[in-house]
Every structure is written in C-alpha cells, then in structure tokens.
S.K.: 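Sharing a structure here in structure tokens format.
Chain letters run A, B, ... following the sequence lines, proteins first and then strands; every chain starts at 1. What you are looking at is a predicted structure, and each value in this text was computed from that prediction instead of being measured.
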2 protein chains.
Amino acid sequence: MATDRAAKRAANEEAGGSSDRGRPDNAHALILAAAARLFRERGYAETSLRDIAAVVGIKAGSIYYHFASKEEIATEVMNEGIRVVSDAVTGALTALPRSVKPPDRLRCAIDTHLSALLEASDFTSAHIRIYGYVPAEVRKAAAKARAGYDGVWKSLLDELASSGHIRPETDHTLLRLAILGTLNWSLEWYDAEARSPREIAAVFFDIFARGALVPGRPGAHR
Amino acid sequence: MATDRAAKRAANEEAGGSSDRGRPDNAHALILAAAARLFRERGYAETSLRDIAAVVGIKAGSIYYHFASKEEIATEVMNEGIRVVSDAVTGALTALPRSVKPPDRLRCAIDTHLSALLEASDFTSAHIRIYGYVPAEVRKAAAKARAGYDGVWKSLLDELASSGHIRPETDHTLLRLAILGTLNWSLEWYDAEARSPREIAAVFFDIFARGALVPGRPGAHR
DNA sequence: TTGACTACCTAACGTCTGTTAGGTCAAGTC
DNA sequence: GACTTGACCTAACAGACGTTAGGTAGTCAA
C-alpha cells in the first residue's frame, strides 16, 4: 500500500535524523509548495491532487509516495503557514532595538504580518484562505498552531497596555480581532500592481493607533 | 429538458407580472434559504445539491424544476445577500434624524452591517463567505451588486470627510477596506453565545473613530 | 371525462474526485 | 551479475458530484 510507504518514509525521516545526505526530500517540498500556491489561489476543495501533481510534473498517484492523504498535505501547508508568519513577526520584534517604543513595535508587527501574508508566503496566505473550508480534523490540527500565534499578539497588546499606551477602556480581544481581520481580509482585495504591503500597513497602523476621526468635533466622542 | 422548464418558469414569473395569485413560488424561496444557510455554514463546493434538497425535503433532481443550475442558485443567493445588507444600511441611515451628526451615522452603518452579517441574514453571510470560491461567472455577476454596496460606504466616508470629521491625511479606500475587513472577518470568529453584534459593533466603532492608542505618549504619533 | 399543467420522483448519465494495487526502471549495494 | 530500493507510472476503483430524461400523482378547467 502506498499509505504504508508514505508512513515509513515519514517515520524514517523524522526519527532517523541524519537520514542519507540530510537531503530533505525535494519532491516533498515541491508538492507542498505547489499545494500552497494552488490552495492560496483557488481554495481547498477547488484544488485537486491532479492539479498539484501537474504543477510538480508528476502524476496524482505518485503524491501518495510522499503523503498519506490530501488532508495531510493541507495540514502541513497550514502548519508551515503559521510557522512562517509567527517566526517572521517574533523575529522582527526581537530584532528591534530596546529603544523602540511599544507603539512602534505594534507598527512592526502589523507590517511584518501583512508582508508575510501578501508577499512572502503562499503557505501563510493558504492557511488563512482555506482554514474555514478544510475538513474538521485538519482544522483542529491547525487550530493549535494558530493559538500559539495568537499568543504573540496577545502579549504584544498586553505589553502596550501595561506601558500605558492603550486606552484603558479598549477591549484587547476585539482590538486584536479588528487588527488581524483588517490584515487578513486584504487577501480579498490586494492588488500587487497597486500599493505595496508596506505602504498599506503604514496606513492601517495609523488608523488603529490614532483613529480615523478628528477629535473634538461635535459627535466625535461618545 | 428540465433546463427548458426552469427557463420557462423564470420567464413567466418575471414577465407575466401578476402570475396566478401573486404567490412567489414557495419552493423557489425555500431552496434559496436552504442554500444560503448551507453555503454560510460550509462553503460553496462543500455544499451539494443533494444537501440542499434534503433540507427542503425534496430530491436533488427536483431542484432543476426551479433553477437551471447550481450556479444560478449561488448567483441568486449572493445578489439577495447584498440586497439585504444594502437595504438595511441605507434604510437605517435614511431613518436617522437630520440632527444626527456624521460620526454617529458611521456608527449606525457599522452596527447595521454587522447585525445583518451575523444575525439577520444567511444570504449576506453566505455572500461574504463564498464570494472568493464561486465559479468566475457567478463571481462576476455578484461583483456588480457588490460595487453598488461599496458605493454606499464611499459616499458615507465622503460625507464624513466633507464635513471635516475625517483626518484629512487618511486614505478613504484603505479606511473603508479596514472597516469592512474588520466587520466581515467576524464571520471567522463570531460566537453567538458571547457578545452580541451590537456590543461588538460599538467597540469597533470606537477603535476606528478614536484609535486604540493614547495620544501624547512617547511614540504614539509619527 | 378528458387534457393540460404543476411539482415533484426515479434512475441513470458522464465526469471528477481521492485513493490504491501493482508494475517499471534507473541507481546503488553486496 | 544478482538484489534491493527509491521514485515514479499506469490503470483502475468506489463514491460523489452536477445534471438530465422520462415518468407519475394531484389539481383544475372545459
């Protein structure tokens, strides 16, 4: 059975550690990359294994030498997608000098998340795009990784709050959902020909930081 | 052919005007309602005509007496979804007394859109959910209706700007995309057991109106 | 009583899907 | 030179899908 083969391969690779030449199974990576691109462009159900195989230049059946199922591919794509954006954001934040104030750390996180989503990674955008459309088991597996990344944003907002930069009456959860919603929704309208992710991120930060309305005008505050 | 039958029915209904008893084809509406609910819950590709038929209590083939194709169902669901939210928002805005200031008009639009999306209409939420996953032709048909609703928001923001309530340097397009992104993304996380759409909308308005950061703090502004 | 019409049903069609059994063939090992 | 193994391929399977042809029970008008 092809399933057994794939299982054996996976076991060998992870357990064996330095399996022959440390070469990380090129086809495995190629299939994942093709799947990520197609999932991002079309969605999960709209992408067949035959489509993925065609991009890689092999036949659909051969995919089962590397993966046990379509769901396994989706799971790996989604986990990689969260890993990429999570590493990018935490990396960018830790690379910041100590002198950088919390608001600019938020600016940095917004910029990095949006760039990962729109430019850097098909995996990240695929994750966001197919999350709600994938079989329940796959989604459950992806939810774990997601929760970890959510934690990054939670602690960033906590940081901002405890340094007194967030309005005390602001709900942290809804603020986080508003920011991430704004960023993730950009997948629906982003046009690479128009403004760059960096420019867009700058405007979004400004909106969330200072608000869009002029203070002091009649009806501006409650 | 069932196709011809459905076509004839449609022609009769629209052209005939006062066709018998003015009864608007009950099954037609039931099928659309079932489709909207399932599209909202699962997505377009994840919902089969057999699923829809089962909810209505008929067999899949019988759907073709009322519709020419699955794509036609999707088109009608999506157009109805935009119609509902568009009517709701414009209705709520025009119902507002003249004395209401522009910022509170924005508050009203946010509240109404979110309520339509999360509570009032499976059609609206289905539209938002399946828009990016539907065959190109269906999406093209839906894009027209969408553009009309976008116009409502554009003129609302223009109104706010010309009355001097929006910060002059704020990009209108990105502000609109941020607000609608925040609202529409709520489909991904909304939990009916927790806070109500009204409460959520109030917090979101506050964030977009005043911003989340405390002004005057170091690093708060550029 | 007949004939038309409405609103379904049954049964199947062709196609696409994820998946699997078994074969092939080059590269490397003993 | 025989043998193993990795990486594919072919061919097919069962099931689901959108869709259609043709049939049927009930209603209603003439």
S.K.: Tell me: NZ of A:Lys70 to C1' of C:dC16, nearest whole Å?
M.R.: 12 Å
S.K.: Separation of B:Arg50 atom CZ from D:dA16 atom P, in whole Å?
M.R.: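 From B:Arg50 CZ to D:dA16 P: 9 Å.
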S.K.: Whole angstrom is fine here: how far is it from CD1 in A:Ile31 over to C1' in D:dG6?
M.R.: 14 Å
S.K.: Separation of B:Glu46 atom CD from C:dT17 atom P, in whole Å?
M.R.: 14 Å
S.K.: Can a side chain N or O of B:Tyr65 be found less than 4.0 Å away from OP1 or OP2 on C:dC8?
M.R.: no
S.K.: Rounded to the nearest Å, what distance is computed from the CG atom of residue A:Leu49 to the P atom of nucleotide C:dG18?
M.R.: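 Computing the A:Leu49:CG to C:dG18:P distance gives 4 Å.
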S.K.: Kindly indicate, with the supporting measurements, whether the criterion salt bridge (Lys or Arg N to Asp or Glu O under 4.0 Å) is fulfilled by A:Glu137 and A:Lys140.
M.R.: CA-CA 5 Å; A:Glu137 276 188 43; A:Lys140 226 174 94 186; over 6 Å; no
S.K.: Given atom NE2 of B:His28 and atom P of C:dT6, what is their separation to the nearest angstrom?
M.R.: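 About 16 Å, once rounded to whole Å.
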S.K.: Is the phosphate of D:dC8, meaning OP1 or OP2, less than 4.0 Å from a side-chain N or O of A:His66?
M.R.: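 For D:dC8, OP1 or OP2 has a side-chain N or O of A:His66 closer than 4.0 Å.
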S.K.: Please check this pair: side chain of A:Arg37 against backbone of A:Asp122, looking for a donor-acceptor N/O pair closer than 3.5 Å.
M.R.: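 No, A:Arg37 side chain to A:Asp122 backbone: no donor-acceptor pair under 3.5 Å.
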S.K.: Working to the nearest 0.5 Å, report the span between CD1 of B:Ile179 and CZ of B:Phe204.
M.R.: 11.5 Å
S.K.: For A:Ser62 and for B:Ala60, locate the closest nucleotide of DNA chain C by heavy-atom distance; then report the residue assigned to the nucleotide nearer the 5' terminus.
M.R.: B:Ala60
S.K.: May I ask you to check whether over 12 heavy atoms, not counting those of B:Glu41, lie within 6.0 Å of atom CD?
M.R.: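 For B:Glu41, atom CD is crowded (more than 12 foreign heavy atoms under 6.0 Å).
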S.K.: Whole-Å distance between D:dG18 P and B:Ile73 CD1?
M.R.: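 Those two atoms, CD1 and P, are 9 Å apart.
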S.K.: Check the phosphate of D:dT20 against B:Tyr64, side-chain N and O only, distance under 4.0 Å to OP1 or OP2. Yes or no?
M.R.: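 Answer is no, no contact under 4.0 Å.
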S.K.: For the side chain of B:Ile58, counting heavy atoms from C-beta on, which of C:dG18, D:dG18, C:dC9 is nearest?
M.R.: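 My answer, after comparing the listed nucleotides, is C:dC9.
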S.K.: Which listed nucleotide (D:dG18, D:dC8, C:dT19) is nearest to the side chain of B:Ser48?
M.R.: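 Per side-chain heavy atoms of B:Ser48, the pick is D:dG18.
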S.K.: Expressed in angstrom and rounded to an integer, what is the separation of A:Ile63 atom CD1 from D:dT10 atom C1'?
M.R.: 15 Å
S.K.: Is the backbone N or O of B:Gly43 less than 3.5 Å from a side-chain atom of B:Thr47, with the two atoms forming a donor-acceptor pair by type?
M.R.: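 A pair under 3.5 Å: yes.
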S.K.: B:Lys59 side chain: which of C:dC8, C:dT19, C:dT10 is closest?
M.R.: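 The closest nucleotide is C:dT10.
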